[in-house]
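Every number for a ligand or one of its atoms is a count from 1 in the order of the listing.
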Amino acid sequence: MSDCIFCMIGRGEIPASVVYEDDEVLAFDDIAPQAPVHTLIIPRAHYATVADGVPPETMLRVIEAIPRVAEAKGVAGSGYRVIINTGPDAAQSVHHFHVHVLGGKPMAEGMV
Ligand code: 5GP
Ligand code: ZN
């Protein structure tokens with residue numbers, strides 16, 4: 001999608017602090033971090049949400065990027081939280097499927 005900000009980042013048209021990349025996925029630091037480590041993982045191809053028909057191979061590549069990001073950001077041992085906001089009740093604000101990886105500090109118990 002030409003006007004999707006994460007598509008533009010995926011194409012290298014908008015700068016981002018890249019943590020990990022391969023032919024299928026890109027991981028970059030969130031512009032407004034909610035924790036000392038806050039990295040987003042996206043497929044380069046556009047899917048609006050996790051429920052938007054992401055092909056299994058692409059989904060696998062996104063998931064495989066999670067521990068790679070954790071290693072690169074130094075939180076593999078201390079732990080991290082993985083969030084996929086989906087739709088209005090989750091306040092999804094960028095409608096290009098992405099995975100948040102958050103860590104670097106103890107986080108509250110529970111999910112929300
Ligand atoms: P959502 O609320 O959709 O799950 O998360 C979208 C995330 O994208 C937010 O945490 C927001 O800070 C981040 N974000 C939005 N625009 C940009 C951008 O241009 N660059 C980067 N690196 N992150 C962005
Ligand atoms: Zn997109």
Side-chain angles (χ1 to χ4, degrees):
M1 289 214 343
S2 57
D3 62 345
C4 168
I5 191 132
F6 284 2
C7 281
M8 291 187 221
I9 289 174
R11 290 193 297 262
E13 295 169 7
I14 291 178
S17 178
V18 173
V19 174
Y20 169 79
E21 65 179 318
D22 60 34
D23 58 323
E24 192 94 21
V25 309
L26 181 69
F28 54 94
D29 288 329
D30 198 290
I31 204 167
Q34 305 294 307
V37 171
H38 187 173
T39 300
L40 305 173
I41 304 168
I42 63 166
R44 291 184 190 273
H46 183 90
Y47 306 95
T49 73
V50 70
D52 189 25
V54 184
E57 174 60 23
T58 302
M59 193 67 84
L60 179 62
R61 300 285 288 278
V62 170
I63 297 300
E64 285 177 336
I66 295 170
R68 291 185 173 136
V69 164
E71 282 287 345
K73 300 299 289 187
V75 296
S78 51
Y80 48 93
R81 184 166 287 169
V82 176
I83 294 174
I84 302 172
N85 291 323
T86 307
D89 277 4
Q92 182 182 0
S93 61
V94 177
H95 301 282
H96 179 130
F97 166 47
H98 55 281
V99 173
H100 296 255
V101 179
L102 295 144
K105 68 169 186 182
M107 282 176 274
E109 291 182 25
M111 293 296 121
V112 293

### Task
Answer yes or no: are there more than 12 heavy-atom neighbours, outside D23 itself, under 6.0 Å from its atom CG?
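Buried by this count: over 12 neighbours within 6.0 Å.
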### Query
Heavy-atom count around E71 CD within 6.0 Å, excluding the residue itself: above 12?
no
Specify the closest pair of heavy atoms between [X] and [Y], including all atoms of both residues, with the distance to one decimal.
| X | Y | value |
| --- | --- | --- |
| I42 | H98 | CG2-CB, 3.6 Å |
| G104 | P36 | O-CG, 3.5 Å |
| I9 | L26 | O-CD2, 3.6 Å |
| R68 | Y20 | NH1-OH, 3.0 Å |
| A32 | H38 | O-ND1, 4.1 Å |

### Query
In a check of side-chain contact (heavy atoms from CB on, under 4.5 Å) between L102 and each of V37, I83, V75, D30, which one passes?
I83
### Message
Let's test this: below 2.8 Å, count the protein N/O/S atoms around the Zn ion (ligand 2).
### Response
4
### Task
Enter the distance from L40:CG to H100:NE2 here, rounded to the nearest 0.5 Å.
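Output value for this atom pair is 5.5 Å.
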Does ligand 1 have any N/O pairs with the protein under 3.5 Å, and how far apart?
residue, atom, partner, partner atom, Å
ligand 1, 2 (O), A91, O, 3.3
ligand 1, 2 (O), S93, N, 3.4
ligand 1, 2 (O), S93, OG, 3.1
ligand 1, 3 (O), S93, N, 2.7
ligand 1, 3 (O), S93, OG, 3.2
ligand 1, 3 (O), V94, N, 2.9
ligand 1, 3 (O), H98, NE2, 3.1
ligand 1, 4 (O), N85, ND2, 2.9
ligand 1, 4 (O), H98, NE2, 2.8
ligand 1, 4 (O), H100, NE2, 2.8
ligand 1, 5 (O), H98, NE2, 3.1
ligand 1, 5 (O), H100, NE2, 3.3
ligand 1, 10 (O), D30, OD1, 3.2
ligand 1, 10 (O), D30, OD2, 2.5
ligand 1, 12 (O), D30, OD1, 2.5
ligand 1, 22 (N), D29, O, 2.9
ligand 1, 22 (N), I31, N, 3.4
ligand 1, 23 (N), I31, N, 3.2

